[in-house]
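To start, I am sharing the structure in question, which I have written as structure tokens.
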Amino acid sequence: MTAPAVPAPTPATTGEMPRVRESSGRRNAELALLIFVMLLVLAYSATVEATALDTITGDFWVPVALVAGVFLGLHVVIRFLAPYADPAIVPAVALLNGLGVAFLRRIDLAFADANERADLPIFSGVGGRQLAWTLIAVVLAAGLLIIVRDHRAVSRYAYTLGLVGIILVMIPAVLPSQFSEINGAKLWIRVGGFQIQPGEFAKLALVSFFAYYLVRKREVLSLASRRFLGIDFPRGRDLGPVVAVWLLSLMVLVFEKDLGTALLYFGMFVVILYVATERVSWLIIGLLLFFGGAVLAYVLGASVGGPFANFYQRAEIWMDPFAKPYDDGYQMVQSLLGLGTGGLFGAGPGGGQPNKIPLVVSDFVFAGLGEEIGLFGLSALLVVYLLIAERGLRAGLAVRDSFGKLVAGGLAFTLGLQVFVIVGGVTGLIPLTGQTTPFLSAGGSSLMANWLIIAMLLRISDAAGRPVTGAPGGRAGAAGGGPPAQLHGAPTEVIRS
């Protein structure tokens with residue numbers, strides 16, 4: 001008796017066509033969103049010129065066309081190299097980056113002579129430099145997608161990245177002030193007319209190292225020694241890593257004179273630790289250590305001064321900026337007045353006076369925008385930031401390997417925390433910091449570093465959405481699917497999500 005013939009597999013039975021349609025649908029949605037957000041930026045640019053110049057010049061569209069072209073180029077790279085990546089991440093970032101370029105050009109118009117505004121060259125001023133940095137940053141992001149085809153390959157260089165990250169953070173602290181200090185914070189490397197903020201690039205390196213370390217030590221750090229108020233606390237000997245990072249953040253606070261950077265690095269590690277171990281006790285310990293360190297620095301600043309004096313001064317300004325409105329508190333007062341002038345709906349693009357706010361192109365860009373787009377406009381921008389962070393966390397939840405989960409979660413949280421730190425500073429919620437607003441503030445270091453973070457999130461998102469080879473309808477393929485694998489000597493067990 002002969003066995004019945006088995007029909008040859010077809011695309012419908014293997015699931016090949018649905019996979020192709022799914023990846024194509026994601027990229028088409030990304031393209032449609034990109035076109036939509038670029039039209040929004042174009043409308044903003046036209047409105048700025050109509051209000052500030054009483055006319056719309058013939059080349060107002062050129063900066064928007066240039067950034068749109070480079071974003072579309074990145075879209076093509078993603079279509080071929082990361083077809084299953086989240087389609088909402090790049091359009092959301094493109095909206096912020098495009099508005100940043102347009103607003104900085106608006107600031108250039110405000111500072112230009114009234115007779116020369118209509119003829120202001122495209123690549124002149126802060127807006128022109130930001131446009132050039134955008135082109136470079138997006139090319140770097142595309143390069144990372146080309147080089148890193150599997151996010152787990154980064155773990156091979158985890159300890160090297162950790163060392164590089166610490167060196168990048170500490171270089172400004174050991175340099176003389178004339179080569180590293182701007183506005184009281186030692187965060188830069190300045191040589192002649194060139195300056196770079198190395199700590200911005202340390203974020204990606206340190207997150208990769210923290211993720212790899214916690215994949216290896218997760219079980220040990222999850223152990224509890226005693227229960228207090230219903231919360232399991234870790235053993236004393238397991239507190240070493242947290243204390244070490246806490247001391248590093250205090251060194252940043254003291255020697256680099258910047259609360260925001262210290263909070264960013266320490267918060268980044270504690271949250272990755274919480275994601276890895278699922279223990280609330282680590283968050284409590286982290287918060288107690290950080291706030292204890294901040295209070296200690298404030299007390300020492302009041303009594304001893306020295307390296308603690310800068311933090312003490314910023315804390316005093318935060319508690320009462322109107323005590324010296326024309327001296328130490330001038331920046332904070334102008335920021336609050338600008339936000340108050342904007343009200344709910346703002347003065348309209350090009351209709352305010354954001355150029356009166358000191359450092360409006362960098363630290364206070366959020367306040368300058370707030371004067372012209374109002375509370376509703378700022379709330380919309382915060383929703384866009386929230387969307388980017390949420391999509392990054394979603395990629396971390398969906399990818400199957402522990403390293404990818406921790407890297408995606410850490411990077412997404414870092415972006416969100418940086419927005420909180422700078423927005424909290426310019427609104428008076430927390431002491432003012434030297435952080436930049438991601439994708440909006442002027443500065444090549446911040447823009448390049450944050451676009452590299454976005455590229456890594458895209459790579460992990462692609463791994464999370466990629467179907468398993470040979471398993472129709474499956475998820476998280478070559479870079480994230482299948483049973484737990486070995487991560488260069490460390491088991492990549494699945495973290496519960």
Side-chain angles (χ1 to χ4, degrees), residues 86 88-89 92-93 96 151 154 161-162 165 169 199-215 218 221 241-242 245-246 248-249 252 259-287 289-291 381-399 401-425 429-430 433 435-439 446 449-461 464 495-497:
D86 193 304
I89 294 178
V93 177
L96 296 171
H151 64 272
V154 176
L161 289 173
V169 171
E200 290 286 347
F201 299 94
K203 292 183 291 189
L204 184 56
L206 290 176
V207 166
S208 300
F209 168 71
F210 290 158
Y212 178 77
Y213 173 82
L214 293 174
V215 165
R218 174 178 173 244
L221 295 172
V242 179
V245 179
W246 175 67
L248 176 63
S249 67
V252 171
L259 173 67
T261 302
L263 175 59
L264 194 66
Y265 294 140
F266 187 66
M268 179 174 65
F269 176 74
V270 171
V271 166
I272 297 176
L273 180 58
Y274 166 69
V275 173
T277 61
E278 302 178 4
R279 291 201 176 277
V280 180
S281 57
W282 286 115
L283 294 179
I284 297 174
I285 292 170
L287 289 173
L289 284 174
F290 182 82
F291 285 115
L381 290 183
L382 291 178
V383 169
V384 175
Y385 280 117
L386 182 63
L387 174 66
I388 297 171
E390 183 271 335
R391 292 288 175 159
L393 293 173
R394 177 179 294 186
L397 290 172
V399 76
D401 66 286
S402 299
F403 180 73
K405 285 182 179 292
L406 297 183
V407 171
L411 293 178
F413 174 80
T414 299
L415 278 175
L417 181 60
Q418 185 169 348
V419 173
F420 167 78
V421 166
I422 186 61
V423 173
L429 180 64
I430 61 175
T433 68
Q435 291 294 309
T436 57
T437 309
F439 309 109
S446 174
N450 285 320
W451 267 109
L452 289 175
I453 289 176
I454 294 299
M456 182 59 72
L457 289 177
L458 289 171
R459 174 54 67 209
I460 297 174
S461 176
I495 296 179
R496 296 190 299 276
S497 59

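The basis for the numbers below is simple: all heavy atoms, side chains too, and nothing from hydrogens, waters or symmetry mates.
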If I compare all heavy atoms of Val407 with all of Ser208, which pair ends up nearest, and what's the gap?
CG2-CA, 4.4 Å
Kindly give the heavy-atom pair with the smallest separation between Ala408 and Gly392, and that separation in Å.
CB-O, 3.7 Å
With a 4.5 Å limit on heavy-atom distance, are the side chains of Ile388 and Leu96 in contact?
yes
Rounded distance [0.5 Å steps], CD1 in Ile284 versus CG in Leu289:
12.0 Å
Closest heavy-atom pair, Gly165 versus Ala202, reported as atoms and distance to 0.1 Å, is O-CB, 3.5 Å
Specify the closest pair of heavy atoms between Ala398 and Ala464, including all atoms of both residues, with the distance to one decimal.
CB-CB, 3.6 Å
From Leu411 atom CG to Leu457 atom CG, the distance as rounded to the nearest 0.5 Å:
5.0 Å
Can you tell if the side chain of Thr437 reaches within under 4.5 Å of the side chain of Tyr385, non-hydrogen atoms only?
yes
Answer whether the closest heavy-atom distance between the side chains of Met456 and Leu204 falls below 4.5 Å.
yes
Report the residues that fulfil side-chain hydrogen bond (donor to acceptor under 3.5 Å, both in side chains) with Asn450, sequence neighbours left out, ordered by chain and then residue number.
Lys203, Ser446
Can you check side chain to side chain contact (heavy atoms under 4.5 Å, CB included) on Glu200 and Thr436, steps first, answer last?
CA-CA 10 Å; Glu200 290 286 347; Thr436 57; 3.7 Å; yes
Reported CG-to-NZ distance for the pair Leu214 and Lys405, which is rounded to 0.5 angstrom:
15.0 Å
Does the side chain to side chain contact (heavy atoms under 4.5 Å, CB included) test come out yes or no for Ile454 and Leu415, once each step is laid out?
CA-CA 10 Å; Ile454 294 299; Leu415 278 175; 4.0 Å; yes
Minimum heavy-atom separation for Gly404 and Val399, please, with both atom names.
C-CG1, 3.7 Å
For Ile430 and Val421 the tightest heavy-atom approach is CD1-O, 3.5 Å
Taken to the nearest 0.5 Å, the spacing of Leu206 CG from Phe201 CZ works out to 13.5 Å
Compile the donor-acceptor pairs under 3.5 Å between side chains in residues 263-273 and protein atoms, sequence neighbours left out, one pair per line.
{"unit_1": "Tyr265", "atom_1": "OH", "unit_2": "Gly199", "atom_2": "O", "d": "2.7"}

Qualifying residues under side chain to side chain contact (heavy atoms under 4.5 Å, CB included), relative to Leu429, sequence neighbours excluded
Phe420, Thr427
